[in-house]
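Here's the structure, in structure tokens; my notes come after.
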2 protein chains.
Amino acid sequence: MKKVGVILAGCGVYDGSEIHEAVLTLLYLDRAGAEIHCFAPDKDQMHVVNHATGQPAEGEKRNTLVESARIARGEIKPLSQLNLDNLDAIIFPGGFGAAKNLCSFAVDGDRCDIDPEVAAVIQDAAARKKVVGAICISPVVVARALRDSGKKPELTIGTDKATGDALAVLKAKPVSATVSEIVVDKENKIVTTPAYMLGSRITEVAAGIENLVRKVVEMA
Amino acid sequence: MKKVGVILAGCGVYDGSEIHEAVLTLLYLDRAGAEIHCFAPDKDQMHVVNHATGQPAEGEKRNTLVESARIARGEIKPLSQLNLDNLDAIIFPGGFGAAKNLCSFAVDGDRCDIDPEVAAVIQDAAARKKVVGAICISPVVVARALRDSGKKPELTIGTDKATGDALAVLKAKPVSATVSEIVVDKENKIVTTPAYMLGSRITEVAAGIENLVRKVVEMA
């Protein structure tokens, strides 16, 4: 049985993990017979967004791990406890949380910083040839983590020109893909799919995530 | 194209809608070609639960509509704006939110109250022969809404004896079912499935919800 870590970044598309992408990742991992282990950084979110209005909720604070636990039904550990000895692969669902809480791409673009725990996990996975899956905007997190590694990973965030250009500045190679497609970097063992970077319907997003999960588990 | 209302109760199994059940409902509705309209009551949740610890978050307040919007990616309206003229069916995902924010079953058991807007929608649906789907614990909301109607609907919450007994006190007829099964009350046009009342894996829960959604859309 393949053991796969799912790294969450909160709960909700505008300030956390995109919920549909995260749940579909869990669904297809379970269907593939993988053992699922959820993790999230134990730190405050960048901010809280009222998802009914799309506006920041001034003065409100939420913790990334505590909110991510909603998606994981309480079965989650702090990212600091992730040990790659016990995992065959890791997957990052998308949502603004990946670009706000795992790195600062949403604010700083191609000059973003990255959470040190997140960077360490991705760099360690690369060094040990563990498989990494990244959905939607999450490939920017992977690119930022590997920016100074000389690896130049092939990644997709769909067809968005500005984000693709940013990937190139982060020393990755952006590859166009449709919502149901995946891009597989065999050498670096990284699988990516655009999901809601391109999709407008959950069915489309599900198709790409199903393909990604199947490939991640197969390569693991 | 069938038009289906999905009535949410927050975002997270312990104080809102069970996220997996809600997302799977949206997935299978979209796959069935249904037009989806999400709603939630615009009122404070009963309370907020820290899903990492399972303990109530003292002093914290969250609004049911605003949190439900996380699952709906912002595409949601207050329940007060639900108009059955524009819908063929309604579905209630489960989670403690159904038993805390839509009615008070989690606190008061078979002596529970029900939110007046929720009661009106279910009673109106019954009067107009619109199809109602209810997942996990949500059949108690339907039973409470129809308690004084003389309808005695056939509903499942799986096999839990205490909850089944409560359904009987609420003048419904509890029917046992496995996690992948649905119970169809043809006369009252109500479809129910146990989901996480019985299931421990998302794949099992998905099977029951897929069956429920297919039947709701077929009957609508």
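Chain identifiers are assigned alphabetically (A, B, ...) following the order of the sequence lines, protein sequences preceding nucleic acid strands; residue numbering begins at 1 within each chain.
- Among all heavy-atom pairs drawn from B:Leu27 and A:Ala206, the shortest one is CD1-CB, 3.7 Å.
- When all heavy atoms of A:Cys11 and B:Cys11 are compared, the closest pair comes out as SG-SG, 3.7 Å.
- For NZ of A:Lys2, the number of neighbouring non-hydrogen atoms (other residues, nucleotides, ligands) closer than 6.0 Å is greater than 12.
- Interface summary for chain B: among A:Thr203, A:Leu29, A:Ile71, A:Asp15, the most heavy-atom pairs under 4.5 angstrom belong to A:Thr203.
- Ranked by non-hydrogen atom pairs under 4.5 Å with chain B, the options A:Ala57, A:Ser68, A:Ala52, A:Gly16 are led by A:Ala52.
- The number of heavy-atom neighbours closer than 6.0 Å to CZ of A:Phe96, taken from other residues, nucleotides and ligands shown, is 12 or below.
- With respect to chain A, the highest number of heavy-atom pairs below 4.5 Å among B:Asp30, B:Val23, B:Asn50 belongs to B:Asp30.
- Side-chain atoms of A:Ile36 and B:Ile202, non-hydrogen and from C-beta on, never get closer than 4.5 Å to each other.
- Heavy-atom distances place the side chain of B:Leu24, and not its backbone, under 4.5 Å from chain A.
- Interface residue B:Glu18: only side-chain heavy atoms are found under 4.5 Å from chain A.
- Within 6.0 Å of the CD atom in A:Glu75, the count of heavy atoms belonging to other residues, nucleotides or ligands does not exceed 12.
- In this structure, no portion of A:Asn63 lies under 4.5 Å from any heavy atom of chain B.
- Within a 6.0 Å radius of CD in B:Glu60, other residues, nucleotides and ligands contribute more than 12 heavy atoms.
- Ion pair B:Arg62/A:Glu67 flagged as a salt bridge, since at least one NZ, NE, NH1 or NH2 atom sits closer than 4.0 Å to an Asp/Glu carboxylate oxygen.
- For A:Phe39, the CZ atom sits in a packed shell: over 12 heavy atoms of surrounding residues, nucleotides or ligands are nearer than 6.0 Å.
- A pairwise comparison of heavy atoms in A:His20 and B:Leu26 identifies NE2-CD1, 3.7 Å as the closest pair.
- Side-chain contact between B:Arg70 and A:Val13: absent, with no pair of heavy atoms (C-beta onward) separated by less than 4.5 Å.
- Using a 4.5 Å cut-off between heavy atoms, A:Val49 contacts chain B through its backbone alone, with no side-chain atom that close.
- For the residue pair A:Arg73 and B:Tyr14, the shortest heavy atom distance occurs at O-OH, 3.7 Å.
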